[in-house]
Amino acid sequence: MAIQAPKGTKDVIPKESYKWQYLEGLARELCQLYGFREVRTPVIEHTELFLRGVGDTTDIVQKEMYTFDDRGGRSITLKPEGTAGAARMFLENGLFNDAQPTKMYYLNCPVFRYDKPQAGRLREHHQFGVEVYGAPLASADAECIRLAMALLGKVGVRHISVHINSIGCPNCRPAYNDALRSYLRGRYGELCDVCKSRFEKNPLRILDCKEERCRAVCQGAPTILDCLCGECAEHFSQLQGCLAGVGVQFKVDPYIVRGLDYYTKTVFEIIAECQGYTGTVCGGGRYDGLIAELGGPQLPGVGFGMGMERLLLVAELSGAAIPLPPSVDVYIAALGEAARSQGFALVDGLRAQGIRAEFDHVGRSFKAQFKYADKLGARKVAILGDDELSKGCVKLKDMASGEERLLPLEELAGALKN
RNA sequence: GUGGGUAUAGUUCAGCCUGGUUAGAAUGCCAGAUUGUGGCUCUGGAGGUCGUGGGUUCGAGUCCCACUACCCACCCCA
């Protein structure tokens with residue numbers, strides 16, 4: 001075999017790319033409507049950014065990052081998620097000096113995680129995500145969730161549900177961790193090895209474990225929602241009010257904790273259950289400590305990431321209608337040296353007027369040119385042979401009706417516009 | 001990191017169990033079916049070192065081993 005694309009990466013081939021462009025178009029349109037502006041940040045960042053931002057105890061940082069030393073001896077990492085880079089960009093460019101909030105989005109942002117690939121999971125995938133900095137109120141969280149749902153709705157994804165939780169803040173989480181640890185301590189031996197290691201550092205993640213025995217142990221555990229401080233409880237309740245107010249159905253799921261350390265208060269996941277595939281299409285939450293953690297001012301943040309590949313996957317599983325790209329308006333079928341050079345100029349003139357015109361670059365016979373025009377979905381074919389050339393005309397054929405008529409060259413553009 | 005599956009034309013696959021002449025189909029691609037005309041149909045053509053390496057055998061796409069790649073599940077996540 002010749003060289004293949006690296007494991008866990010995927011090509012988008014010409015006949016598939018319109019689907020991506022369609023999703024991108026919808027996302028852009030919505031972001032504009034919701035007042036978000038696009039940002040683009042580097043694919044590579046200093047490894048340090050993710051150690052501090054994402055958290056050095058997370059799976060992502062511990063075993064999934066593409067990290068290497070560059071030729072100058074700097075430790076560089078291919079971004080494993082979008083938020084840390086956006087936060088860095090926000091800080092580095094002093095955007096906190098502008099009027100807040102700062103509402104941003106990124107589209108088709110490549111992210112890399114060294115995982116074992118499977119359905120809906122790649123080593124390089126692309127995210128659409130939004131970031132809101134400087135907005136402490138729960139309405140900002142709700143706005144993000146609403147935007148994600150609006151996109152999924154527009155795309156036509158079915159069977160999706162919103163799961164929300166609050167994981168508290170530095171004021172209340174330590175107390176909860178203590179409560180959780182004291183509950184778990186009695187049944188410590190029943191936990192899986194991974195969870196035993198989580199016990200001291202991050203007991204919250206034990207709730208997220210999918211092991212049967214750990215789930216059983218967690219059944220009667222106190223939930224974070226019982227231990228939230230007044231501010232967090234109030235925030236969570238406001239979030240629910242905002243969501244209900246805009247008609248977003250949700251489930252409160254105290255077991256959502258998420259795998260990134262920067263979250264505070266709100267966390268959420270949008271889960272799709274389409275025939276044969278169940279998975280998170282969108283995940284996010286609030287990160288009020290992130291900007292400060294990276295050395296900036298104490299400014300809150302909230303946002304989400306949505307996997308484009310997963311979005312497309314569930315869109316197709318839902319039978320969502322993705323409109324085909326516009327086809328060729330007219331194919332100029334020219335035969336013979338003189339006709340070809342005239343035809344090429346003709347195509348150029350039509351394109352200058354916004355008409356999608358195509359031309360033969362292969363040297364095919366008329367018959368083959370017609371076949372090719374048909375494959376391209378050309379609505380009309382303009383025939384330019386010796387006969388037409390001598391009269392200064394083209395014969396314009398409607399491919400659907402088969403009807404043909406002879407018309408002067410200069411009338412072609414006009415005829416095509418009708 | 002753990003487990004399962006697969007690897008044969010551009011693509012989707014058959015053939016393998018029960019080794020034996022020139023490895024097939026469908027689809028796609030190219031060409032033709034009288035004079036300059038697509039779709040439908042018919043005919044023909046091109047296209048494969050059967051993932052790589054080793055082994056068994058008179059003989060391996062087929063049996064055995066190793067490697068690699070891909071797919072799927074777990075874990076985790078988008």
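Quick caveat: nothing in here was measured; it's all calculated off a predicted structure. A, B, ... follow the sequence lines: proteins, then strands. Residue 1 opens every chain.
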For the [atom1] atoms, the ones on [N] and on [M], what distance do you get once it is rounded to whole angstrom?
N     : M     : atom1 : value
B:G48 : B:U8  : P     : 15 Å
B:G20 : B:G59 : C1'   : 7 Å
B:C67 : B:G4  : P     : 14 Å
B:A9  : B:C50 : P     : 9 Å
B:G45 : B:U6  : P     : 35 Å
B:C77 : B:G5  : C1'   : 24 Å
B:U27 : B:G47 : C1'   : 14 Å
B:U18 : B:A23 : P     : 23 Å

Distance in angstrom units between A:Ile13 CD1 and B:U11 P, rounded: 10 Å

For atom NZ of A:Lys7 and atom P of B:C70, their distance in whole Å: 4 Å

Which donor-acceptor pairs under 3.5 Å do side chains of residues 330-344 of chain A form with protein atoms, sequence neighbours excluded?
unit_1   : atom_1 : unit_2   : atom_2 : d
A:Tyr331 : OH     : A:Asp360 : N      : 3.4
A:Arg340 : NH1    : A:Asp360 : O      : 3.3
A:Arg340 : NH1    : A:Asp360 : OD2    : 3.0
A:Arg340 : NH2    : A:Asp360 : O      : 3.2
A:Ser341 : OG     : A:Ala338 : O      : 3.1

Most 5' of A:Gln118 and A:Met306 on RNA chain B, judged by nearest nucleotide: A:Gln118

Which nucleotide, [options], lies nearest any side-chain atom of [X]?
X        : options             : answer
A:Arg364 : B:C76, B:A31, B:G38 : B:A31
A:Lys116 : B:G38, B:C74, B:C77 : B:C74
A:Arg310 : B:G38, B:A78, B:A69 : B:A78
A:Ala368 : B:A31, B:C77, B:G38 : B:A31
A:Arg258 : B:C29, B:G38, B:A78 : B:A78

Name the nucleic acid region contacted by [X], choosing base, sugar-phosphate or nothing; use a 4.0 angstrom heavy-atom cut-off, strictly under.
X        : result
A:Gly279 : nothing
A:Ala119 : sugar-phosphate
A:Asp59  : sugar-phosphate
A:Glu64  : sugar-phosphate
A:Glu388 : base
A:Pro80  : nothing
A:Gly129 : nothing
A:Leu122 : base
A:Ile271 : nothing
A:Lys395 : base

Side chain to side chain donor-acceptor pair (under 3.5 Å) between A:Tyr287 and A:Glu131, intermediate numbers included: CA-CA 10 Å; A:Tyr287 24 88; A:Glu131 305 280 327; 2.7 Å; yes

Side chain A:Lys397 and base B:G38 donor-acceptor under 3.5 Å: yes

Side chain A:Glu404 and base B:U37 donor-acceptor under 3.5 Å: yes

Short side-chain N/O contact to B:C30 OP1/OP2 from A:Lys375, under 4.0 Å: yes

Sole residue of A:Arg286, A:Glu81, A:Glu293 in side-chain hydrogen bond (donor to acceptor under 3.5 Å, both in side chains) with A:Tyr262: A:Glu81

Cation-pi check, A:Arg40 onto A:Tyr106 ring (under 6.0 Å, within 45° of axis): no

Among A:Lys417, A:Arg379, A:Lys380, the one residue meeting salt bridge (Lys or Arg N to Asp or Glu O under 4.0 Å) with A:Asp329: A:Arg379

A:Tyr18 atom OH, over 12 foreign heavy atoms within 6.0 Å: yes

Under the 3.5 Å Watson-Crick or G-U criterion, the dot-bracket string of RNA chain B, with | for inter-strand pairs: (((((((..((((......[...)))).(((((.......))))).....(((((..]....))))))))))))....

Ring geometry between A:His361 and A:Phe359 (parallel below 30°, tilted from 30 to 60°, perpendicular above 60°): perpendicular

